[in-house]
Amino acid sequence: ETLARFEKGEPDDSAQNLIDTNPDAAILAEFLEEAHEILGLLDTQIVELESNPNSGDLISSLLRSFHTLKGNSGYMNFKKLETLTHAMENLLITLQEGTTTPKTSFFDCLLKMMDALRNILATLKANKKEGDVPVDTLVAEMAGLQKEVSVTPAPSSANNVDPAKKDDGAPSLDPKE
């Protein structure tokens, strides 16, 4: 009977009983739950990073968390979330490479971004849309931090000794010496 109705171009109402009445709501709820779990993990990781800013493992873990949130946001077509998390991912890569220094401005930007993510998620929960939370200024701030090159202070004239030629009392491993 269903096939006959389909062949005639008539609607098949029996399939409606098999489909969730609002699958988009269920998917959104699952996305929001996972996003909040990731934000909770990120909160912990950020506090740890403030105490241990040179931890490669911690930076890698932050990158994975932001990457997951970015991918999920892209899948859901949430452009603001995807843009913010992508910008932070890029900033963390420069931190990982040592070209950005985790100073106060870095952490201020990171915390502002976390607030923006929470605001967008709250708007998504209430309105099913990302809303008008501004992200362009924050993305520009993250891009600016990426351009701030980490500079190691030059050695003073008193310490201007080539480390390879410094005599520290240990036997040399260089066969030429």
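Quick note: residue numbers are just sequence positions, from 1. Side chains are part of it too, since the values below use all heavy atoms of this structure and drop only hydrogens, waters and symmetry mates.
- Note: Met142 CE to Thr100 OG1 = 12.5 Å, rounded to the nearest 0.5 Å.
- Here the CG-CE distance, from Asp115 to Met113, works out to 9.5 Å after rounding to the nearest 0.5 Å.
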Counting only pairs under 3.5 Å, give me each side-chain donor-acceptor contact of residues 49-57, with atom names and distances, residues two or more places apart or in other chains.
from, atom 1, to, atom 2, distance (Å)
Ser55, OG, Leu58, N, 3.1

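- The side chain to side chain contact (heavy atoms under 4.5 Å, CB included) test applied to Thr44 returns Glu48, not counting sequence neighbours.
- Residues passing the side chain to side chain donor-acceptor pair (under 3.5 Å) test with Gln96, sequence neighbours excluded: Ser60.
- Screening residues 73-85 for salt bridge (Lys or Arg N to Asp or Glu O under 4.0 Å), with sequence neighbours left out, gives Lys79-Glu82.
- Listed by first and then second residue, the side-chain hydrogen bond (donor to acceptor under 3.5 Å, both in side chains) pairs that reach into residues 26-41 are Glu34-Asn72, sequence neighbours excluded.
- Using a 4.5 Å cut-off on side-chain heavy atoms (C-beta onward), Val135 and Leu81 make no contact.
- Atoms CG and CG, on Leu69 and Leu121 in that order, are 7.0 Å from each other to the nearest 0.5 Å.
- In terms of the salt bridge (Lys or Arg N to Asp or Glu O under 4.0 Å) criterion, Asp108 has no residue partners (sequence neighbours excluded).
- The ring-ring contact (aromatic ring centres under 6.0 Å, His included) search around Phe66 returns none, not counting sequence neighbours.
- Note: Phe31 and Tyr75 fail the aromatic proximity criterion, with ring centroids not under 6.0 Å apart.
- The side-chain hydrogen bond (donor to acceptor under 3.5 Å, both in side chains) contacts involving residues 119-140 comprise nothing, where partners must be two or more places apart or lie in separate chains.
- For the atom pair CD of Gln146 and OG1 of Thr99, the computed distance is 8.0 Å after rounding to the nearest 0.5 Å.
- Leu41 and Ile59 fall into different hydrophobic clusters, where Ile, Leu, Val, Met, Phe, Trp and Tyr side chains are chained together by heavy-atom contacts under 4.5 Å.
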Check your understanding: Going through the checks in order, is the side chain to side chain contact (heavy atoms under 4.5 Å, CB included) test met by Leu62 and Met88?
Key -> CA-CA 10 Å; Leu62 279 159; Met88 182 49 71; over 6 Å; no

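- Hydrophobic clustering places Met114 together with Leu145 (ILVMFWY residues linked when any side-chain heavy atoms are closer than 4.5 Å, directly or through intermediates).
- When the side chain to side chain donor-acceptor pair (under 3.5 Å) test is applied to Arg64, no partner is found at least two apart in sequence or on another chain.
- In terms of heavy atoms, Glu141 sits closest to Cys109 at OE2-CB, 3.5 Å.
- Among residues two or more places apart in sequence or in another chain, the side chain to side chain donor-acceptor pair (under 3.5 Å) test is passed with Thr83 by none.
- Residues in residues 65-77 take part in these salt bridge (Lys or Arg N to Asp or Glu O under 4.0 Å) pairs, two or more places apart or across chains: Lys70-Glu89.
- Between Ser61 and Gln45, the side chains place a donor N or O and an acceptor N or O closer than 3.5 Å (distance only, hydrogens not considered).
- Ile46 and Leu95 fall within a single hydrophobic cluster, where Ile, Leu, Val, Met, Phe, Trp and Tyr are joined by side-chain heavy atoms under 4.5 Å apart, directly or via other members.
- One finds the CD1 atom of Ile38 at 11.0 Å from the NE2 atom of His67 (value rounded to the nearest 0.5 Å).
- Nearest heavy-atom pair, Ala116 versus Val133, reported as atom, atom and distance to 0.1 Å: O-CG1, 4.2 Å.
- Sorted by first and then second residue, the ring-ring contact (aromatic ring centres under 6.0 Å, His included) pairs with a member in residues 81-137 form an empty list; sequence neighbours excluded.
- At least one side-chain heavy atom of Ile120 sits under 4.5 Å from a side-chain heavy atom of Leu84.
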